[in-house]
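By convention in this document, chain letters (A, B, ...) are assigned in the order of the sequence lines, proteins followed by strands, and residues within each chain are numbered from 1. When reading the values below, keep in mind they use all heavy atoms of this one structure, side chains included, and skip hydrogens, waters and symmetry mates. Remember, predicted model here, so these are calculated numbers, not experimental data.
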There are 2 protein chains.
Amino acid sequence: MTDRNPSGRELEILKILWDAGPSTVRQVHEQMAPDGELAFNTVQTLLRIMDDKGLVEHQREGRTFVYSPRRTRENETSRLVDKMFDGSLDQLVVSLLSSRNVSDAELKKLEQIISAARKRKEPSRKGK
Amino acid sequence: MTDRNPSGRELEILKILWDAGPSTVRQVHEQMAPDGELAFNTVQTLLRIMDDKGLVEHQREGRTFVYSPRRTRENETSRLVDKMFDGSLDQLVVSLLSSRNVSDAELKKLEQIISAARKRKEPSRKGK
DNA sequence: GGAGAAAACCTAATAACTTAGGTTATTGTG
DNA sequence: CACAATAACCTAAGTTATTAGGTTTTCTCC
């Protein structure tokens with residue numbers, strides 16, 4: 001039970017909580033089903049179960065519960081990369097670049113992100 | 001039915017097929033459960049169901065079936081990124097860099113991968 | 001050809017996921 | 001106070017996932 005993965009709907013809810021921050025059942029419901037494709041109660045049940053499983057936690061706010069994700073998107077993604085690529089970030093990126101059309105602007109941004117990460121790493125390479 | 005996601009075990013099996021190439025039930029079983037934690041029949045059933053769902057396909061080879069994945073790892077990953085990050089590759093990478101310790105060697109390799117992708121995209125243009 | 005092994009095929013039970021209806025408690029309003 | 005609204009709580013039904021035991025088929029070897 002240590003690390004069961006979130007199922008489809010669970011992931012959907014986690015994503016909403018990641019994007020929107022701590023939310024009430026109502027708020028999550030509105031995000032998931034703005035046109036009522038899903039009952040309020042359904043979302044409520046899902047959240048309660050996820051609470052039991054430790055995927056989210058809640059806090060009373062007056063008489064309503066405010067739910068927050070327990071796992072960060074970072075960790076969740078990391079687990080996925082481990083699962084799909086044995087942890088190889090390189091492989092993941094190669095894979096993504098080959099499967100989707102990435103704009104030059106995005107590539108450029110990526111380049112910057114990487115080089116920034118390298119700079120952050122380099123200067124402290126003396127300590128050991 | 002168009003795009004249901006593979007569940008835990010299914011993903012595990014897909015990964016084996018991606019890594020090892022087309023395999024028989026026995027081969028998959030040995031990969032998944034070298035010490036018999038899972039029955040042969042279990043793996044066989046999983047593969048048959050995945051076949052029904054179109055996640056894998058099979059081919060007779062003598063009297064045994066050889067299974068191959070129908071979806072590429074690339075596509076599967078792509079779908080996941082869409083789900084978690086609304087398709088933003090940048091966000092994904094930022095996220096991963098923050099959640100794991102990436103070696104400088106790996107970062108360097110990443111840089112090369114990306115700059116190669118850029119070149120492929122705009123052969124006529126110059127880098128900065 | 002028959003015995004044994006290995007494979008596919010059939011079946012089923014349990015657990016987990018997904019959905020939502022009904023019930024109860026709280027609170028704000030006329 | 002009574003009533004409507006809103007929220008949590010309880011329950012359950014239908015579906016999918018996970019697991020594996022039997023059964024039948026097919027091959028191989030003596």
Side-chain N,O ([X]) to OP1/OP2 ([N]) below 4.0 Å:
X	N	value
Lys53(B)	dA17(D)	yes
Thr42(B)	dA20(D)	yes
Ser7(A)	dT18(C)	yes
Arg26(B)	dA7(C)	yes

- For Gly8(A), report the nucleic acid contact type (base, sugar-phosphate, nothing); a contact means any heavy atom under 4.0 Å. sugar-phosphate
- Query: Just by distance, do the side chain of Glu10(B) and the backbone of Ser7(B) share a donor-acceptor pair under 3.5 Å?
  - Reply: yes
- Query: Between the side chain of Gln91(B) and the main-chain N/O of Ser88(B), is any donor-acceptor distance below 3.5 Å?
  - Reply: no
Return the nearest nucleotide to the side chain of [X]; candidates are [options].
X	options	value
Thr45(A)	dA8(C), dA8(D), dA20(C)	dA20(C)
Phe40(A)	dA5(C), dT18(D), dA8(D)	dA8(D)
Leu38(B)	dA8(C), dC17(C), dT19(D)	dT19(D)
Glu10(A)	dA8(D), dT18(D), dT18(C)	dT18(C)

What is the distance from [atom1] of [X] to [atom2] of [N], rounded to the nearest Å?
X	N	atom1	atom2	answer
Phe65(A)	dT6(D)	CZ	P	18 Å
Ile13(B)	dT19(D)	CD1	C1'	12 Å
Met50(B)	dA17(D)	CE	C1'	12 Å
Glu37(B)	dA20(D)	CD	C1'	15 Å
Leu46(B)	dC9(C)	CG	P	16 Å
Leu11(A)	dT18(C)	CG	P	10 Å
Leu55(B)	dT16(D)	CG	P	14 Å
Glu61(B)	dA8(C)	CD	C1'	16 Å

- Message: Tell me if the side-chain of Arg9(A) makes a donor-acceptor pair with the base of dT19(C), cut-off 3.5 Å, by modelled atom types.
- Response: no
- Message: Does Gln44(A) contact dC9(D) through a side-chain donor or acceptor facing the base, at a distance under 3.5 Å?
- Response: yes
- Going through the distances and angles, do Glu12(B) and Lys15(B) end up as a salt bridge (charged side-chain N to carboxylate O under 4.0 Å, His left out)? CA-CA 5 Å; Glu12(B) 204 178 327; Lys15(B) 181 170 179 307; over 6 Å; no
- Check step by step if salt bridge (charged side-chain N to carboxylate O under 4.0 Å, His left out) holds for Asp82(A) and Arg100(B). CA-CA 11 Å; Asp82(A) 283 344; Arg100(B) 43 173 64 214; 2.8 Å; yes
- Given side chains that start at C-beta, do those of Asp86(A) and Val81(A) come closer than 4.5 Å, heavy atoms only? no
